[in-house]
There are 2 protein chains.
Amino acid sequence: MSLPHAILTALLEKPSSGLDLTRRFDRSIGYFWSATHQQIYRELGRLEAEGHIRALPAAQPARGQKKAYEVLPAGRAELARWTAAPQDPKPHRDALLLRLRAAAVVGTAGLEADLRRHRELHRRQLAEYEEIEKRDFPPGDDSAQARLQHLVLRAGIELETFWIQWLTEALEDLPVVEDTP
Amino acid sequence: MSLPHAILTALLEKPSSGLDLTRRFDRSIGYFWSATHQQIYRELGRLEAEGHIRALPAAQPARGQKKAYEVLPAGRAELARWTAAPQDPKPHRDALLLRLRAAAVVGTAGLEADLRRHRELHRRQLAEYEEIEKRDFPPGDDSAQARLQHLVLRAGIELETFWIQWLTEALEDLPVVEDTP
DNA sequence: AGGTTTTTTGCAACTAGTTGCATAAACCGT
DNA sequence: ACGGTTTATGCAACTAGTTGCAAAAAACCT
């Protein structure tokens, strides 16, 4: 039950239309909470119905029918409540690890190529994160907000680094398990 | 679409009843692909209907009686196909990182305690993994199967280690962001 | 023997996320 | 002005996972 809270956070950072939100979910926010535009529009409707957000009166004669939303006090209160409330970590699911385990039984045929591909994807993601870090968190900016946001980004960077390294090790000593048909 | 493959893998490692599977999903397999017993029974039914597994003839089934399943050749083939097929990584979602980002906007009140709690949970998980490593992967066992399984376990160990460290850093320099009501 | 509790199996309803497609307006080249 | 593309919004159906509950056999106690 976190998509509404992701949206509230995004809207507090900057009031936006559905499409703007979609774009922001494709970059920064979506790195740890992804969402499609369909999900976003559905959720915007709910949040508005609940009185957590409202459509901004169209200030400028913007292109199209862009409808921007802003967070109402009730929405901010709900977000604060949710942020402070304890939450258990969700059980994780990792298809790649599962496939390795399956490969131990049915053979490693075809795996290596996909491991390489995944490593490449992680490398790209890492490069993107590092780009953002360089751009948005220059040394010396130590406002509380920036520190928190940087902390989150660093988690992303270190996780990608971990996966690249782990995949490299895996590829180095990937044993050949014969298919057993 | 991976639960059936997780179950096939588990059943190939060792034919089991629904309850046995449930237990094994609570420990080893569930560490990277969790499932409830309801999910497992539902999926067992599907897999049987598709001819991927069958109930072992040993004990004839009635309600409340253990029914063990084994994988049929079609099931093994499907698992091999799935293992070798390229798959894109799923977008990840991490509520804790999202909460940090929200906290940058609505304040860090109440967060610290939960960060500590999460760190404790990760420490316990790490201890469990290390226990398993000591028990199941003594140095010197270098069969191909063991190497693959160890690789997967090491990913778990290193991820838990990462989170403990990251949470420690986060707690050390968690800035105080005042609530902004 | 009779009742309670635990084990094992499973259905049904709900929630969250994904996929496919629809609509309308704006903008763009000819 | 016309037709094609892009922008912006959204509905509906589907898939996967979660939660709540319960029936049937077995085990456990008086």
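In the text below, chain A, chain B and the rest are named by the order of the sequence lines, each starting its count at 1.
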Residue-phosphate contact under 4.0 Å: A/Lys90 side-chain N/O, D/dT18 OP1/OP2: no
Sugar-phosphate, base or nothing in reach of A/Ser17, heavy atoms under 4.0 Å: sugar-phosphate
side-chain N/O B/Arg42 vs C/dA12 OP1/OP2, d < 4.0 Å: no
Distance below 4.0 Å between B/Arg93 side-chain N/O and C/dT18 OP1 or OP2: yes
Residue pair B/Leu19 / B/His37, side-chain heavy-atom distance below 4.5 Å: no
Partner set under ring-ring contact (aromatic ring centres under 6.0 Å, His included) for B/His5, not counting sequence neighbours: B/Trp82
Beyond-backbone contact of B/Leu171 with B/Arg116, side-chain heavy atoms, under 4.5 angstrom: yes
Difference in axis direction between the ends of the helix from C/dA1-D/dT30 to C/dT30-D/dA1, five pairs, 10°: 10°
Gap separating the CZ atom of A/Phe162 from the CG atom of A/Leu167, nearest 0.5 angstrom: 8.5 Å
A/Lys67 NZ - C/dA25 P separation (whole Å): 14 Å
Listed nucleotide nearest any side-chain atom of A/Leu3, set C/dG17, D/dT18, D/dA8: C/dG17
Any residue of residues 31-39 of chain B with a heavy atom less than 4.0 Å from an atom of DNA chain D: B/Trp33, B/Thr36, B/Gln38, B/Gln39
